[in-house]
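Working notes for the structure below.
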Amino acid sequence: MTFGRRRFLAGTGLVVAAAALGSCTDGGDGESADSPDGGRPSEADLDFLELAAGLEALAVETYQGSLDAAAGGKLGEVPAAGSEFLQVAHDQHDEALAALNGILESGDREPVANPNTAARESVVEPGLASATDFLSVARVVRNLESALAATYLRAVQSDLQVNEIVRAAAGIQATGQKRVAVLSFMIGEFPSPDPFQRTDAAITA
Amino acid sequence: MRMPLLSRRSLLAGSLGTAVTALVARPAGADTPRDIQILQTASALELAKTAAYQRIVELDSLGKGDKFLLTFLETTRNQHGEHAAAFRAQTTALGGAEQGQPHPGVQEIVEEAFAGTTTALDAIRLAEQLETIATQTYLENTTQIDDPVSRQLMASVMGVESQHAAMHRVIAALLSAGSPELIALPVSPAELPAAAGSVATPDAIEPTAHAVALDSGVSTGGAGQGE
């Protein structure tokens, strides 16, 4: 973890969400103006956070694996911009994971440490196993980032109840979309082909 | 209270461009006047950006390099036109007046940027600033807007504005490095400076410090009246 959990929460406004969730666990009935239903996370909120944390853990694992492969010479000559991207993305997914786990703990759920296995098998492993250069890795992580961003978008559009959790999900979605654009550019594809972000690639479990 | 929106979500899945006209009136959310203000402000932002991009693509200082830069700018301009149309349609779907004027605060930023000699780097930095304002405004709006369809639209547009901002940061980095030839598609990743791998994503979670006020671009006369 790069930073402490409180710093994440403060930096992203998620301390409000944590406080709101905490107030719901002590039997209090105070209403929060920051949520349409008084700050109480629904089961759907918490279920989504668990899914998202598992996906962030998968991203951390995938980027770490890519960095290890690069360091071990398995990807040939990795471009400077590529190395920079892999490291920054790894660290930021680690930050996102810590932030999500912070909210989960405030909601009396266990933090998530294990990567999402379904997405690992369907999105990551098929491409990463045969990757021998940076561009191959870039295609894999671009697809993973697309899937994560679509998952956050779908949740923001439908599942989430607490506004600070919406803000967190949308904030992670926005950064994920930035990564998708840069990776697409690096692999030779147009960085923003769709006028409206799609949810086709969203992960459900 | 949020509700499952499978039928409306289907309108937003895939290309929303073809679904804009399908965003029909539906029961309003808990705070319709505020939702209309948010949509009018979003419309005003998109109109200001569309006009700004038009001025940018006409700049001689963009040069005659790889056609990718011009294609990217023109595509982005057109996407903002689609966003404006979608926001305006959704405004009327909620019973509000369409906003047909650019956002005054953003327009001021644009005019200031074009007041002197505008280099390609100046223009890209302006575009990045506008996209960041839009991204962070729409991000904040996702927590403020009650109408479910409007929020679906807001979040979907936000994801694309974020991509625009990212590419402008990369392009600005390449211009600043004196490497305009690398603003090309396809590009050779090996030639990109290290900064190209990190400049687009300074934050793990997008902040909202640059968001404009949700009512800063309402139609003259208020949320429910004509322009």
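By convention in this document, chain letters (A, B, ...) are assigned in the order of the sequence lines, proteins followed by strands, and residues within each chain are numbered from 1.
- For A/Glu189, the part lying under 4.5 angstrom from a heavy atom of chain B is the backbone only.
- Pairs engaging residues 65-75 of chain A under the side-chain hydrogen bond (donor to acceptor under 3.5 Å, both in side chains) rule: A/Gln64-A/Asp68 [sequence neighbours left out].
- Counting all heavy atoms, side chain and backbone alike, A/Ala174 lies closest to B/Thr135 at CB-CG2, 4.3 Å.
- Residue A/Leu183 does not touch chain B at all, counting heavy-atom pairs closer than 4.5 Å.
- Heavy-atom distances place no part of B/Tyr138 under 4.5 Å from chain A, backbone and side chain included.
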(message) Applying side chain to side chain contact (heavy atoms under 4.5 Å, CB included) to A/Ser192 and B/Met167, what does each step give before you reach the verdict?
(response) CA-CA 9 Å; A/Ser192 52; B/Met167 274 311 299; 5.7 Å; no
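- The greatest number of non-hydrogen atom pairs below 4.5 Å with chain A, out of B/Ala195, B/Ala200, B/Pro186, is found for B/Ala200.
- A/Gln177 pairs in a side chain to side chain contact (heavy atoms under 4.5 Å, CB included) with only one of the listed residues (B/Glu161, B/Gln163, B/Met158), which is B/Gln163.
- Other residues, nucleotides and ligands contribute over 12 non-hydrogen atoms within 6.0 Å of the CD atom of B/Glu58.
- Side-chain contact between B/Thr142 and A/Arg167: absent, with no pair of heavy atoms (C-beta onward) separated by less than 4.5 Å.
- Between chain A and the residues B/Thr75, B/Val199, B/Thr71, the most heavy-atom pairs under 4.5 angstrom are made by B/Thr75.
- No more than 12 heavy atoms of other residues, nucleotides or ligands lie within 6.0 Å of CD in A/Glu77, so this atom counts as exposed by the packing criterion.
- Looking only at heavy-atom pairs under 4.5 Å with chain A, the residue among B/Ala165, B/Ala155, B/Ala190 that has the most is B/Ala155.
- Between the CD atom of A/Glu84 and the CG atom of B/Leu192 there is a distance of 12.0 Å, given to the nearest 0.5 Å.
- The greatest number of non-hydrogen atom pairs below 4.5 Å with chain B, out of A/Ser83, A/Ala181, A/Gly188, A/Ala81, is found for A/Ala81.
- Contact annotation for A/Tyr152: neither backbone nor side-chain heavy atoms come within less than 4.5 Å of a heavy atom of chain B.
- Residue contact with chain B, scored on non-hydrogen atoms closer than 4.5 Å, is absent for A/Ala149.
- Interface residue B/Leu185: only side-chain heavy atoms are found under 4.5 Å from chain A.
- With hydrogens and angles ignored, the 3.5 Å screen pairs no side-chain donor or acceptor of B/Ser198 with any backbone N or O of A/Phe85.
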(message) Between A/Met186 and B/Val187, is the side chain to side chain contact (heavy atoms under 4.5 Å, CB included) condition met? List the steps.
(response) CA-CA 7 Å; A/Met186 285 183 176; B/Val187 68; 5.5 Å; no
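- Side chain of A/Thr175 to main chain of B/Thr201: no donor-acceptor pair is present (N/O by atom type, distance under 3.5 Å, no hydrogens or angles).
- Rounded to the nearest 0.5 angstrom, B/Leu139 CG and A/Ile172 CD1 are separated by 10.5 Å.
- Across every non-hydrogen atom of B/Ser156 and A/Gln157, the tightest pair is CB-NE2, 3.9 Å.
- Of the two parts of B/Pro189, the backbone and the side chain both hold a non-hydrogen atom closer than 4.5 Å to a non-hydrogen atom of chain A.
- When each of B/Ala166, B/Gly159, B/Pro202 is scored by its heavy-atom pairs under 4.5 Å with chain A, the top score falls to B/Gly159.
- Neither the backbone nor the side chain of B/Ile171 comes within less than 4.5 Å of any heavy atom of chain A.
- Between chain A and the options B/Arg169, B/His164, B/His83, B/Gln136, the largest number of non-hydrogen pairs under 4.5 Å is found for B/His83.
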